[in-house]
**Q** 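To start, I am sharing the structure in question, which I have written as structure tokens.
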Amino acid sequence: MDRALYLMVGGFLGAGKTTAISKLARILQRRGSRVGLITNDQSVGLVDTAVLANGEFPVEEITGGCFCCRFHSLVEASEKLSQSSRPDVFIAEPVGSCTDLIAAVSFPLRQIYGDNYRVAPLSVLVDPIRAERILGLQAGKSFSPKVLYVYGKQLEEAEIIVVNKCDLIDSSRQDRLEAALRRSYPQAEILRVSAREDTGLEQWLDRLTTTAAPASTAPDVDYETYAEGEALLGWLNASVSIRSAAEVDGNELLRALASRIRRALGGLEIAHLKMTLSPDEDGRDIAVLNLVRNDGPAELSHSLQEPLRSGELLLNLRAEADPDVLRQTVLDAIPQPGFSADIRHIESFRPAKPQPTYRMAHV
Ligand SMILES: Nc1nc2c(ncn2[C@@H]2O[C@H](COP(=O)(O)OP(=O)(O)OP(=O)(O)O)[C@@H](O)[C@H]2O)c(=O)[nH]1
Ligand SMILES: [Mg+2]
């Protein structure tokens, strides 16, 4: 039997991994492949799963820890997908604050499950506006040094750096960013894409499907600094039932909620605020809102077609802030006149110290 292709699309929070994965999956399907998707998070109630699980592709989610720390769950999820839909391509989205994926996921997959999977090069997606600030090419707020340690390690282990959202900056800024990335991360091939506008995706996919994972040695990672950097990011997941006597505009509801949260967080840097709203009446309609930095636009990547009376709101917030502050901010921001909100689940925490199941520095 042919081995299934295993693609991992990493990159920092908000870089566009979920968007890119759904686009890659569609291209693969058009090319005649069966695709299975795997999402991942530190906790339950994932916006990404809600976005991807729209019936187009089978999705498994791994919650309660990252792929590295739950390697066996990753393999089980793949086996489950294999039994239900026999994908010939798996696409996995690791947690955006995770690094050391080569040593903790790619190498163990190659070493232990090499008969089942052909592991593609690790792609690391980059949001160009975020990267320009971090690389000192543009002014603007960023994260503290230990969070930036994780960001840098992600790029240091990238086999392919994919500059996404190229629709946001002109070609001279793209050239400058690419040159800076090339200087700092000479090991990686650099590609430019726009997942939103479908540019560069076919070429990226061609690289992934035709090239074997090139790395044979993984970069060193100082797990103390990595753990401290990851723990500086507060994590909040909530699910809320919304109900109203009159019809409400769900898109507007999400926009207003995002703007209250952004205002209340003030100078605390948002890595990604993402929300979905699914009406109870129409299971297929969904609104998705994303905000990937404090001074960025709150964008609705999917809008509801009709007003609604009741629905399910999922809210995932990752910011460099105390988890208790995130919790209070969200609890204060949700109640609004005109609808009742029943908070069915809310949790906020700092990710625990990563303890990978395997760590293989070489293959
Ligand atoms: N302008 C532009 N926006 C994009 C592009 N790709 C993704 N986005 C937007 O970036 C935001 C974040 O996208 P996601 O796909 O959720 O990012 P992610 O990397 O999966 O985020 P996490 O799972 O939280 O780490 C959304 O508003 C997307 O619509 C792109 O090519 N261009
Ligand atoms: Mg995502």
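Atoms within a ligand are numbered from 1 in the order they appear, just like the ligands themselves.
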**Q** Checking a contact table here: which protein heavy atom is nearest atom 27 (O) of ligand 1, and how many Å away?
**A**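 Going atom by atom, the protein heavy atom closest to atom 27 (O) of ligand 1 ends up being N290 CB, 3.0 Å.
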**Q** Can you tell me if NZ on K141 sees more than 12 non-hydrogen neighbours from other groups inside 6.0 Å?
**A**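 Yes, because the 6.0 Å sphere around NZ of K141 holds more than 12 heavy atoms from other groups.
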**Q** Considering only NZ, NE, NH1 and NH2 on the basic side and carboxylate oxygens on the acidic side, decide whether K153 and D220 come within less than 4.0 Å.
**A**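 The answer is no: the pair does not qualify as a salt bridge.
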**Q** Which atoms from ligand 1 have a heavy atom of E299 less than 4.0 Å away?
**A**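 By the 4.0 Å cutoff, the relevant atoms are 27 (O).
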**Q** So, is A20 polar-close to ligand 1, with some N/O to N/O distance under 3.5 Å?
**A** no
**Q** Salt bridge between D115 and R3, side-chain N to carboxylate O under 4.0 Å?
**A**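 Not counted as a salt bridge, because no side-chain N and carboxylate O are separated by less than 4.0 Å.
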**Q** How far is atom 17 (O) of ligand 1 from the closest protein heavy atom, and which atom is that?
**A** G16 N, 3.0 Å
**Q** Check step by step if side chain to side chain donor-acceptor pair (under 3.5 Å) holds for D342 and S241.
**A** CA-CA 5 Å; D342 172 19; S241 291; 4.8 Å; no
**Q** More than 12 heavy atoms of other residues, nucleotides or ligands under 6.0 Å from CZ of R350: is that the case?
**A** yes
**Q** Should H72 and Y358 be marked as a ring pair (Phe, Tyr, Trp, His ring centres under 6.0 Å) after you check the CA-CA gap, both sets of side-chain angles, and the distance that decides it?
**A** CA-CA 10 Å; H72 296 301; Y358 297 103; 5.7 Å; yes
**Q** Could you pull out, from R196, H302, H272, E93, the option with a heavy atom nearest to atom 3 (N) of ligand 1?
**A**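 Closest candidate by heavy-atom distance is R196.
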**Q** Considering only NZ, NE, NH1 and NH2 on the basic side and carboxylate oxygens on the acidic side, decide whether R182 and E178 come within less than 4.0 Å.
**A**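 Yes, charged N to carboxylate O under 4.0 Å.
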**Q** Closest N/O/S atom of E93 to the Mg ion (ligand 2), by atom name?
**A** OE2
**Q** Who's the nearest protein heavy-atom neighbour of atom 5 (C) of ligand 1, and how far?
**A** K165 CG, 3.5 Å
**Q** Ignoring hydrogens and angles, write down the donor-acceptor pairs under 3.5 Å from the side chains of residues 103-111, residues two or more places apart or on other chains.
**A**
from	atom 1	to	atom 2	distance (Å)
R110	NH1	A215	O	3.0
R110	NH2	A215	O	3.4

**Q** Got the closest protein heavy atom to atom 18 (P) of ligand 1, with its distance?
**A**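 Looking only at protein heavy atoms, the one closest to atom 18 (P) of ligand 1 is K17 N, 3.3 Å.
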**Q** Please list the nearest protein heavy atom to atom 6 (N) of ligand 1 with its residue and the distance rounded to 0.1 Å.
**A** N164 ND2, 3.1 Å
**Q** Should S301 be counted as touching ligand 1, given the test is an N or O pair under 3.5 Å?
**A**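 No, S301 has no N/O under 3.5 Å of an N/O on ligand 1.
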**Q** Mark up the atoms of ligand 1 that fall under 4.0 Å of a heavy atom belonging to L168, in ascending order.
**A**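 Near L168, the atoms of ligand 1 are 1 (N).
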**Q** Output the list of atoms in ligand 1 that are nearer than 4.0 Å to some heavy atom of K274, sorted by atom number.
**A** 22 (P), 23 (O), 24 (O)
**Q** Considering both backbone and side-chain atoms of A15, is one of its nitrogen or oxygen atoms within less than 3.5 Å of a nitrogen or oxygen in ligand 1?
**A**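 Yes, there is a polar N/O contact under 3.5 Å.
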**Q** Tell me: protein heavy atom nearest atom 32 (N) of ligand 1, and distance?
**A**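 For atom 32 (N) of ligand 1, the nearest protein heavy atom is D167 OD1, 2.7 Å.
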**Q** Give the residue, atom name and distance (to 0.1 Å) of the protein heavy atom nearest atom 7 (C) of ligand 1.
**A** T19 OG1, 3.4 Å
**Q** Any N/O/S atom, side chain or main chain, of T18 closer to the Mg ion (ligand 2) than 2.8 Å?
**A** yes
**Q** Quick one: do R309 and D280 make a salt bridge, cutoff under 4.0 Å?
**A** no
**Q** For ligand 1, which is the ligand I care about here, please tell me if G14 has any N or O atom under 3.5 Å from one of the ligand's N or O atoms.
**A** yes
**Q** Please list, in number order, the atoms of ligand 1 under 4.0 Å from a heavy atom of D48.
**A** 23 (O)
**Q** Which part of R318 is near ligand 1, with near meaning a heavy atom under 4.0 Å away: side chain, backbone, both or neither?
**A** neither
**Q** One thing to verify: whether R196 and E299 come together as a salt bridge, which I'm taking to mean a side-chain N less than 4.0 angstrom from a carboxylate O.
**A** yes
**Q** Could you go through F90 and Y117, starting from their C-alpha distance and side-chain angles, then the distance that decides it, and tell me whether this counts as ring pair (Phe, Tyr, Trp, His ring centres under 6.0 Å)?
**A** CA-CA 9 Å; F90 292 90; Y117 308 115; 5.6 Å; yes
**Q** Which atom name does D48 have for its N/O/S atom nearest to the Mg ion (ligand 2)?
**A** OD2
**Q** So does R31 have more than 12 non-hydrogen atoms from other groups sitting under 6.0 Å from CZ?
**A** yes
